[in-house]
Amino acid sequence: MLRLILERLVQMVIVVFVVTLAAFTLVNLLSGDIAVYLLGDHATPEAVAALHAQLHLDDPIIIRYFDWLGDVLQGNLGTSVVSHYPVVKSLTNAIPPTFELMIGAQIVGITLAVVTTAAAIKWRWTDRLVTGVALLVNSIPTFVVALILIIIFSTTLHLLPSIGWVAPTSAGGWGKNIVAMIMPSVALGLGIFPEYMRILRSDIREQLDREEYVTLAWMKGLRPTRIFGKHVAPNSVGGFISMIATTTALLISGVVIVEQVFAIPGIGKMMLAAIDSHDTPVLLGGLLTIVTFVVIINLVGELIYMRIDPRVRATRVTA
Amino acid sequence: MKRRTRLTYSLAALATTALVITGCSSGSPSPTPSGTNVVLPAGVTQNITIGGFSLNTLDPGAATGFNGPGEAIVQNVFGELVDPPATPGGDYVPDLATAWKYNADFTQLTLTLRPNVTFTDGTPFDAAAVKFNYDRYTTTTSRVSQYVGVIASTVVVDPTTVQINFTTPDTNFLDVLALTVGGSIQSPTAIQKGADKYGLNIVGAGPFMQSAYTPGTQLDLVPNPNYWDAKSTHLQKVTYLNTGVDPSVNYQQVASGAIQVYQVNGVNSSPSVLTDAKGNSGISVVTTDDNQYLFLPLNITTAPFNNPAARQALDYCMDRPTLAKAVTQNFGNPAWIDGGSSTLYYPGGGYSSYPSKFPYPFDTSKGTALVSQLGGLSFDLYNMGGQYTVVANALAQMWKANCGINATVQTDTPPALATRITSGSYSAVLTISGGLDDPSFFRTFQTNTPQGKYTGGVGHPEITGPISEATQTNDPAKLASLWEEVWKQVNTQGFTIPVLSGPIYYLQNTCLQGSQYFGSGATYRYAYLSC
């Protein structure tokens, strides 16, 4: 197990290196001179040249990348070239809202998946209904879902706030914070629940319909809850857990949209603005955080999967 | 209605006009703030949130180009030396300066400062502070530098008297003080202490002071208890929040009460939001004068627009009223000069008279003939995306259908477009400007910006001549005549092509009262919630 964790950590370092190098290169290959953009209308060639020198813009990309990497290894993520705001501070502000949003979305997605799967298993007639609803939800872009939620629950019913972030340290505390996060979490969670439901339902059905141990359990007269809870569920959730870990990475794209709509000051919004203004330090700081987070989540998912399913544990540990 | 300015894009002021130049050359120290005598309703928390803002720095003197803050926002913190006239043509209103006087040839402006004023860090607001700021503004490349380029020196006469000397006569400098960030006086101590991070924590002597700021996310302001007119400030908190750029979302934020104000531009925003807002009784839609305009700066140094026939063809083949109806649903208007369509901007009879003076009115036969004479006309039309692309596509379709002109619509990020314009690597750009009431800005951009050489201002005395003259007189009749000549020449040469003009629409909570609306922004010094 320890060896696996170490292997994954080494892989994480490689992934972080490759992704940040690629991002650094791409941002710096974008057309447009950040010095001209920053200096604005009256930028003289001398001022542009001075800013180029200050930001080392004339150095080769690879040199600049390793300069950045060297600073990162010393714990220095730099400052925004646009606002002079420290990147660490930006991340400190942006991580909690994004983290909370992703957790909220996962709670919504998992809950809906479990509930709809249970309904589809228990009452066959609901199967098609649930599938239809899932298809419908999957077909509507997150942006539209978010807007519809605001129109219904904020503008019309005045039940929920349309600004999705209230710091827990502000007046109102966690209560206001959680209420504010309900709609963003639902908007994001609705997008992932259909996939969760498909995987979970398919795995459970496979166990129920094809596995002989289930038939044997029925023949032994075990109670359905015991058959399901003790035997079927543990054997069915492996794919589901892997899917949750994988989806965490995919959620980031949805996070960008939801943060925009609900004015949540998270990492997605921060990175979008950084791309728009070619703010490399901020963009790389955000990417570094996301990549690290995604790799860790996948590792955690893998460890949980191994813990639940000894067959997987045997395969991975001996591999 | 007072007016403020906000330069919204790099080439913006190239096409800026207006005749709000007043004859006032000295002020009377008897302000009548509009925020007094307001009875606030009991039980209403006087906090407002303004949506849609993304501020990367709060220091207009920072080297951040057009990323810097607009006048409407920083005025809350810095106040102003001089307030603009309450009505066009009226007297300027004393603020942090209580009186002012030009010398005979308009090369020197002497300001008398309000005594016993301090910045919110406790340091004195005095002549030395004013000098420090103008010395800084004139020696750095910043958002402010475009407005104060005419300053030769600033001299401290005594603690409450300061002289500003100009390199050339400038009758319009009071407009700079009243309408732009050029009137922002900041604490020298805080600037020196904050160094390159000063823009994260600004200090002024205005009605509000910064209480929290996260770049790109949120700015919170609270009242300055030591403001000279503190009794007129009623709001307890003003928050500028980045609610994103999508007008539909922001409209819903106003409709739901999450934010109290969102401003929509009449020329480059989706008209459906305005239609919805006008039909919503819970939202009041405040409309400014037409002061926003879309225009096409053309690069006249290279093909195809180094040929006047190509420039004329664009005009002949553009049906402006149809375009205004199609892309703005008449929330915007056709533009015939590089300015808004209100009479404020139009000399010689106002907007209704100007279409008839336009040298190349819509005429497809003339346009087609010119295109044929050129052997075809093809070029790339750059824009910043969003609704700009909608308008650019409509223009391209119109030119193609009417005259066979091939305009390929290309979208750039702001840095890419800024670089393109500065380096002259473009043929035509669809861009926006507005809110600038002062022809001196036009002069500045015609002659002083690096990109001016591509758009035709530099080296054309028929344009720069009357502009220069306009800065040496306060005679309204003469100003009208001079600016009519400027627009006539600009249109005849076809250096820039006017496309659409329109107002700013403020979608706001019906309880919000007392806001002051300016060219491209609003301030909340006297604002309050009535319910």
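Note on naming: letters A, B, ... go to the chains in the order of the sequence lines (proteins, then strands), and numbering restarts at 1 for each one. The shown structure was predicted, so the numbers you read here are calculated from the model rather than taken from an experiment.
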Checklist entry - What part of B:Thr243 gets closer than 4.5 Å to chain A, counting heavy atoms only: side chain, backbone, both or neither? => result both
Item to check | Residue B:Asp196 versus chain A: region with a heavy atom under 4.5 Å | outcome: both
If you round to the nearest 0.5 Å, how far is [atom2] of [Y] from [atom1] of [X]?
X	Y	atom1	atom2	result
B:Leu200	A:Ser80	CG	OG	9.0 Å
B:Asn280	A:Thr155	CG	OG1	8.5 Å
A:Ile34	B:Thr419	CD1	OG1	8.5 Å

Search all heavy atoms of [X] against all heavy atoms of [Y] and return the closest pair with its distance.
X	Y	result
B:Ile259	A:Ile163	CG2-CD1, 4.2 Å
A:Tyr85	B:Tyr213	OH-O, 4.4 Å
A:Ala263	B:Asn242	CB-O, 3.7 Å

Next on the checklist: Looking at B:Ser256, is its backbone amide N or carbonyl O close enough to the side chain of A:Ser154 to form a donor-acceptor pair, meaning the two atoms are under 3.5 Å apart?
Outcome noted: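 Not at all, since once roles are kept as given, no pair shorter than 3.5 Å links the two residues.
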Item to check | Short side-chain to backbone donor-acceptor contact, A:Lys269 and B:Thr217, under 3.5 Å | outcome: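 Looks like no, no N/O pair under 3.5 Å.
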Item to check | Portion of A:Asn93 that has a non-hydrogen atom of chain B nearer than 4.5 angstrom | outcome: side chain
Item to check | Part of A:Phe143 within contact of chain B (heavy atom distance under 4.5 Å) | outcome: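 Side chain of A:Phe143 only, per the 4.5 Å heavy-atom cut-off to chain B.
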Going by heavy atoms in the side chains, are [X] and [Y] under 4.5 Å from each other?
X	Y	answer
B:Gln252	A:Leu147	yes
B:Thr214	A:Lys89	no
A:Tyr37	B:Leu417	no

Picking from [options], which has the most non-hydrogen pairs under 4.5 angstrom with chain A?
options	result
B:Pro415, B:Ser248, B:Gly244	B:Pro415
B:Gln218, B:Lys197, B:Gln253	B:Gln253
B:Ser423, B:Gly216, B:Ala416	B:Ala416

Checklist entry - Can you tell which of A:Thr79, A:Ile151, A:Val48, A:Thr156 has the highest number of heavy-atom pairs within less than 4.5 Å of chain B? => result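 Of A:Thr79, A:Ile151, A:Val48, A:Thr156, A:Ile151 has the most heavy-atom pairs under 4.5 Å with chain B.
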Checklist entry - Top residue by heavy-atom pair count (under 4.5 Å) with chain B, among A:Ser90, A:Pro161, A:Pro86, A:Ser162? => result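 When all of A:Ser90, A:Pro161, A:Pro86, A:Ser162 are compared, A:Ser162 has the most.
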Checklist entry - Hey, mind stepping through A:His278 and B:Thr413 against side chain to side chain contact (heavy atoms under 4.5 Å, CB included) and telling me if it holds? => result CA-CA 9 Å; A:His278 297 199; B:Thr413 61; 3.6 Å; yes
